[in-house]
Every structure is written in structure tokens, then in C-alpha cells.
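The next block holds one structure in the form of C-alpha cells; read it before the comments.
Residue numbers start at 1 and run along the sequence shown. Just so it is clear, the values below take in all heavy atoms, side chains as well, and ignore hydrogens, waters and symmetry mates. Being a predicted model, the structure only gives us computed values, none of them experimental.
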Amino acid sequence: MPMGSNDKRKQTGKNRAFVQSLGHAWDGLRALFHYERNFRKHLAVGTLAVIAGIILRLTLNEWLWLVLAIFLVLIAETLNTIVEAVVDLVVGTTYHDLAKRAKDVAAGGVLLAATFAIIVGALVMLPALSRWF
């Protein structure tokens, strides 16, 4: 279905060009930042970790682990947001045990990713800190 450039939010078919797909991806990232408080919190903590890494002069391997951990948390939060939105779309304001389970499992995935990030942060930052003393 053809559509005007100002009408992209009403698209129901497949993207026809890479630039169109990229535009939708940016819309999604903006929505995450604008509507999801936890995504902003994870982004802030990740930014602080990057600043600490710069100050501590991490090695390439340490940077790889740190960046992996940061992005894993952000991706997990993104998937959690997707699950919550789809579940809410399907059940509305009705309570359903499977809806609760889906949301809880998605939130658990974020918790696992955040725990991994804390472990990686400790394994990377503590030795880097000890190099200063």
C-alpha cells in the first residue's frame, strides 16, 4: 500500500526500502527513550560505566565485555517492553495468569541481563581500579 512520507505511522505492509526500515527503527528507539523509564535508567548506568571505563583506561578485552554487558541489558529491556506492549494489547485491562507469566518472565530476562552486567562490571572494573593503587 503506497503512502506519503508524512503518513508512515499508518503503514500496515512491509517496508519497501532500507531507509524506511531505518526510520522505523529510529522511531522505536525514540519511543523506548521517551516512554520507558527503565530503559533510560539502564542507559544512564551504561553511560556511567563507559565514563568509568574511560577514566580507568580499560583494555580492549575489558571494553568488549563491558560493551557486551551494556547492550545485553538494553536489548533485554527492549524485549521486555515488546512483551509488555503485546500482552497489554491482547488482554487489555483483563487479568490473565498467562499474561502475568509472560510479563514476569520478560522482566526476569532483564534481571538476568542486569545481573550479568553487574558481574562483568565487577570483573572488569575492580582489576582496573587495582592498577591505580
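- Taking all atoms of both residues into account, the shortest heavy-atom contact from R131 to R57 is NH2-O, 3.9 Å.
- Taking hydrophobic clusters as Ile, Leu, Val, Met, Phe, Trp and Tyr residues chained together by side-chain heavy-atom distances below 4.5 Å, I51 shares a cluster with L56.
- When all heavy atoms of V50 and W63 are compared, the pair lying nearest together is O-CH2, 3.3 Å.
- The CD1 atom of I55 lies 10.0 Å from the CG atom of L129; values are rounded to the nearest 0.5 Å.
- Within 6.0 Å of OH on Y95 lie more than 12 heavy atoms contributed by other residues, nucleotides or ligands.
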Do any side-chain atoms of residues 102-126 form donor-acceptor pairs under 3.5 angstrom with protein atoms, and if so which ones, sequence neighbours left out?
{"from": "K103", "atom 1": "NZ", "to": "D88", "atom 2": "OD1", "distance (Å)": "2.5"}
{"from": "D104", "atom 1": "OD2", "to": "K100", "atom 2": "NZ", "distance (Å)": "2.4"}
{"from": "T115", "atom 1": "OG1", "to": "L111", "atom 2": "O", "distance (Å)": "2.8"}

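- Criterion: ILVMFWY side-chain heavy atoms under 4.5 Å apart, direct or through other members. Under it, I54 and V67 are part of a common hydrophobic cluster.
- F33 is listed as a side-chain neighbour of L43, based on a closest heavy-atom distance under 4.5 Å.
- Remark: R101 CZ is loosely packed, at most 12 non-hydrogen atoms of other residues, nucleotides or ligands lying under 6.0 Å away.
- To the nearest 0.5 Å, atom CZ of residue F39 and atom CG of residue N80 are 12.0 Å apart.
- For the residue pair L98 and H96, the shortest heavy atom distance occurs at N-ND1, 3.0 Å.
- With V87 as the partner, the side-chain contact (heavy atoms from CB on, under 4.5 Å) test is satisfied by one option alone out of V90, V91, L89: V91.
- Put simply, V86 and L79 are part of the same group of oily side chains (I, L, V, M, F, W, Y) that touch within less than 4.5 Å, one to the next.
- The line from CG of L22 to CG of D27 is 10.0 Å long, rounded to the nearest 0.5 Å.
- In the hydrophobic clustering of this structure, V45 does not group with L66; members are Ile, Leu, Val, Met, Phe, Trp, Tyr whose side-chain heavy atoms approach within less than 4.5 Å, directly or through other members.
- Of the inter-residue distances, the one linking H42 atom NE2 with L72 atom CG reads 11.0 Å to the nearest 0.5 angstrom.
- The NE2 atom of H24 lies 13.5 Å from the CG atom of L29; values are rounded to the nearest 0.5 Å.
- Tracing side-chain contacts under 4.5 Å through hydrophobic residues (I, L, V, M, F, W, Y), one never reaches L32 starting from Y35; they form parts of separate clusters.
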